[in-house]
Amino acid sequence: MNSKKLVLVDGNSIAFRAFFAMHNVLEKFKNADGLHTNAIYAFNNMLDLILSKSKPTDMLVAFDAGKTTFRTKMYADYKGNRPHTPSEFSEQLPCIKELLTARGIKSYELANYEADDIIGTMARTAQKQGYQVVVVTGDRDLTQLVTDQITVAVTIKGVSDLEFYTPEHFQEKLGITPEQLIDLKALMGDNSDNYPGVTKVGEKTGLKLLKQYGSLENLYANLDMMKPSKLKEHLQSDQEQAFLSKKLATIDTAAPVQLDLADLAYAGDQEEQLIPLYRKLNFRSFLDKMKVPFDPNHMESQQQINYQILDATTLPDLIETTTPVSVVVEMIEDNYHTAPIIGLAFASSEQVWVSDDAGLLADASFKQWLQDAAKAKYVFDFKRDYVALHRYGAILDGVLFDVLLGSYLLDVNDNSNDLGSLAQTYGYSGLLPDIEFYGKGARKAVPQSAQLLEHLASKAAAIRYLQTKLPEQLRQHDQDQLFEEIELPLAQVLADMEIDGVRVDPTILYKMQNQLGERLQQLQNDIYQQAGKEFNINSSQQLSKILFEDLGLKPLKKTKTGYSTSVEVLEKLRDQAPIVADILNYRQVAKIQSTYVGGLLNSIAPDGRVHTRYLQTLTQTGRLSSVDPNLQNIPARLDEGRKIRQAFVPKQADWEIFSSDYSQIELRVLAHLSGDQNMQQAFKENYDIHAHTAMRIFGLDDIAEVTPNMRRKAKATNFGIVYGISDYGLAKNIGISRTEAAQFIQSYFDQYPDVKKYMDQMVQLARENGYVETIMHRRRYLPDIHARNFNLRSFAERTAMNTPIQGSAADIIKIAMINMQKQLRQRDLKARMLLQVHDELIFEAPEDEIPILEKLVPQIMDSAVQLDVPLKVSSAHGKSWYDAKG
DNA sequence: GCGCTCACG
DNA sequence: ACGTACGTGAGCGCC
């Protein structure tokens, strides 16, 4: 045994994964020549990781030579189902090879052979010479090479998250030896390489057979003795295929590789090649690591920012500036309804001003400037700044660009919501993320003034920098309208709603608190008595001890930490012990008491109103979310909880709560997007869509024949369709067998054939583009659509189907909100829009305006966009939110 | 800070 | 064969 360590990298597989791991930044990673660099970048990251972790003495990156290999000669369809390689990827391959040379790493390819075979051959050769070998790949097939000396690292997610297969790990994971992996592949085939194996044999059956028979050969030698079964028949009829698959799955460890181990010595970075290459590729961060400047002529690229203190003498300079100014309103707490402003910063094209004195906001000329719509401004998070300044008596207007909103539209995934991190991803490294500057948790603190001012100055500069980058990218994504006409105006509308808040009557909540408290006491006593002892009912751990150990009930479902005690489980156990019903009841009441009664009481502001914050840049679909408190999940389904809504009341006694909601907006969006004539007709004729669906999938002639149960199932199926259906999910939801559910889905697609086409099309689109879009071009990237892991991939596929539907519905209500706010102003109505709950808008209004709203709100909502089917809106009003129900 | 449970559309 | 419905937030227990 010698001290040599050889790392063998599966070049194509890692490069391809690198490409998709960073697919969401594909257009961001482009150099001056228009060459995409995302795969090169991620590949180089992986190299750094391997080099520092494994410290190889020798290294080789193997590539596939071309489409035809000895395997395609054996089996013409080998890898025949691979989609066309995107050109954005292929263009990067030569550069990856150039990069390898510059990093002192040998690369190699061999006509008629795959990278696998080169790796297999070199791994075995090196092993004989006593080398330690590490193979890095995205393909689990290579684990067949694993021995005591050969470790195979397979990518889990991206390219830097690796799972290391040693003989022990392999055994643990699959329960067979690495050599037996070939036989397993022979039996189960390989979808991605497009060879068949034995019909109906997958991993489970394959492993069982191998554990029993040891090898493919032995299995077939003893096949006659197997008792008759479908499996046996398949094994018999597919024998030839199985042995062909075995040949295809076997890595050639004696390929005619013209390489000597001595050629593979890792030479280290060749700086005279590497530095110009990094510069050509725009790889600042890698140059930084080498302590080499990106631009040799400008060593001082990260110079400190010169700023002036904003005070009575410098204020006129700011106010007289004619160029756009970036604005920073600094608060360190999240909740901008209450957080003090600890600093202000402004940057024009020539000058930066900062202050840690919010008292400046008392200055009339300053306020005038902030409010002047003709003074162009750029910000990071308009809504936050607007609400905070409003508390200080200042109005912010003239905002042309919001960096946070822009970055959210470009990539909903990248939601760090931090200016420093955002600036960094766009190549501006002069600003620390807030979490690093201020610290977090208990260590969070405001540094001394000079540092703070410096930080604020950098923020103002970073906003200006991003403003030069993001708008162009929004245009490239065709998202300028989405930004300018929807998200930015909506931020203003939401700010108004949040500032207004909604009145919540504490006396009603106190009354409930007392009543619920008594009920909880009663239930608690009953439960303790039946359990024979006292315990914390809120602890699922203690509860599961009582139920499944002391009382001997049968656990039906496990969680990561123990037995589940969820509603789903408890409902099934309800009849077996009376304690179960009491626990369910207790849970329900306890939830209302702690989350809603207590939670709401805690969040009533001194003005008697509750001011939520809508997060506009959080969800992956374009919906809003609501926090501190969440007013989008106030109980509605059961009357017991719904009573909470009695506490949501209008500002005055002679006012009312008015509510309008879209009926089945998501299904209507689906009918529009899919173009399905049957579904469109149902909406155009204003049929009961769930009953109509029931009639169709149950093959009835008349809607009158539809029973309530049929309608219930059809309704669940409609929901399932919107979520990206699976037979398993549907079966679980409506309590039927999987086969039945599968038949349901089949007849659903027979009845709505274009819906099926739409679903397939969305998945296809996600595969080709890497993302899906809503009607307003809101975009969501789905890198996992290419995952080898079934779960990750399936999830991405369902997301591809669901996001355009949920997201387009979100687009629609956002447009309606903007139009609605405009109408309320134009008509000089006293009515105020208070809340949005995804497909519902809630207002407070004087009684005499209710008839106006009853016409106006539905009209605005159903005309927000023009779809191929009508949008339907229902309204209601009453003395509280509880009473505003149809 | 994470997992569980449960509230909403 | 695999094992889940899509999108959220909050309170609690536990460590």
Side-chain angles (χ1 to χ4, degrees), chain A residues 187-189 191 197 200-208 412 440-441 536-544 557 559-570 583-584 587-588 590-596 598-600 602-603 612-615 618-638 640-642 644-645 661-662 664-666 716-717 719-734 738 741 745 780 788-795 797-807 809-810 813 835-840:
Chain A
L187 288 166
M188 60 187 270
N191 266 334
K200 292 281 176 198
V201 176
E203 189 167 309
K204 277 266 166 80
T205 317
L207 283 172
K208 206 179 77 193
V412 292
K440 65 169 174 176
N536 188 344
I537 310 170
N538 292 319
S539 161
S540 39
Q541 221 173 76
Q542 295 182 34
L543 180 62
S544 84
K557 204 175 128 193
T559 65
K560 278 182 200 165
T561 50
Y563 295 125
S564 170
T565 63
S566 65
V567 192
E568 192 194 337
V569 173
L570 295 188
I583 289 166
L584 281 165
R587 279 244 179 100
Q588 202 195 328
K591 173 87 180 179
I592 297 169
Q593 181 77 309
S594 68
T595 304
Y596 296 106
L600 275 175
N602 283 333
S603 46
T612 186
R613 277 149 48 225
Y614 289 102
L615 305 187
L618 182 131
T619 70
Q620 303 290 298
T621 54
R623 274 189 176 184
L624 301 174
S625 87
S626 157
V627 293
D628 270 359
N630 182 355
L631 294 184
Q632 289 182 319
N633 72 345
I634 303 300
R637 289 170 191 171
L638 302 172
E640 173 119 58
R642 195 182 177 104
I644 291 288
R645 296 179 175 221
D661 68 288
Y662 285 112
Q664 297 111 14
I665 187 168
E666 293 191 345
T717 312
F719 275 105
I721 291 288
V722 167
Y723 295 152
I725 200 145
S726 73
D727 50 8
Y728 183 91
L730 182 64
K732 206 172 84 175
N733 197 286
I734 53 177
R738 242 176 92 169
I745 296 168
R780 180 177 186 176
R788 278 180 166 248
N789 179 314
F790 174 87
N791 281 330
L792 285 179
R793 190 175 63 248
S794 307
F795 185 67
E797 287 169 0
R798 290 196 297 275
T799 312
M801 303 181 222
N802 171 264
T803 295
I805 302 171
Q806 191 182 114
I813 195 164
L835 300 171
Q836 187 251 42
V837 192
H838 310 305
D839 61 0
E840 178 185 9

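We name chains A, B, ... by the order of the sequence lines, and we start the count at 1 in each one.
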For DNA chain C, the dot-bracket notation using Watson-Crick and G-U wobble pairs below 3.5 Å, [ ] for pseudoknot-type crossings and | for other-strand pairs, is .....|||||||||.

Self-check item: Range on DNA chain B touched by chain A - first to last nucleotide, heavy-atom distance under 4.0 Å
Solution: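 Here the contact window of chain A covers B:dC4 to B:dG9.
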
With sequence neighbours excluded, tell me which residues meet side chain to side chain contact (heavy atoms under 4.5 Å, CB included) with A:Ser603.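 Residues passing side chain to side chain contact (heavy atoms under 4.5 Å, CB included) with A:Ser603: A:Leu600, A:Val610, A:Pro629.
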
Which residues share a side chain to side chain contact (heavy atoms under 4.5 Å, CB included) with A:Arg642, sequence neighbours left out
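Residues passing side chain to side chain contact (heavy atoms under 4.5 Å, CB included) with A:Arg642: A:Ala636, A:Asp639, A:Arg645, A:Tyr882, A:Lys885.
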
Just jot down the salt bridge (Lys or Arg N to Asp or Glu O under 4.0 Å) partners of A:Arg613, sequence neighbours excluded, or say none.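 For A:Arg613 the salt bridge (Lys or Arg N to Asp or Glu O under 4.0 Å) partners, ignoring immediate neighbours, are A:Asp628.
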
Can you name the closest pair of heavy atoms from A:Ser626 and A:Thr612 and give their distance?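 That closest heavy-atom pairing would be OG-OG1, 2.8 Å.
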
Nearest-nucleotide wise, let me know which of A:Gln542 and A:Thr205 is further upstream toward the 5' end of DNA chain C.
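The residue closer to the strand's 5' end, by nearest nucleotide, is A:Thr205.
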
_Which residue lies more 5' along DNA chain C, comparing A:Tyr728 with A:Thr803 via nearest heavy atoms_ =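 First, find each residue's nearest nucleotide; the 5'-ward one identifies A:Tyr728.
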
Of all nucleotides in DNA chain C that come within under 4.0 Å of a heavy atom of chain A, which is furthest toward the 5' end and which toward the 3' end?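 In short, chain A contacts DNA chain C from C:dA1 to C:dC14.
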
>> Using side-chain contact (heavy atoms from CB on, under 4.5 Å), reason through A:Leu543 and A:Tyr563 one step at a time and then give a plain yes or no.
In response: CA-CA 10 Å; A:Leu543 180 62; A:Tyr563 295 125; over 6 Å; no

Expressed as a whole number of Å, how far does the P atom of C:dA5 sit from that of B:dG3?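 Pairwise P distance, C:dA5 against B:dG3, rounds to 16 Å.
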
* Which value, in whole Å, describes the distance between the P atoms of nucleotides C:dT4 and B:dT5? ->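 Per the computed distance, 15 Å lies between those P atoms.
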
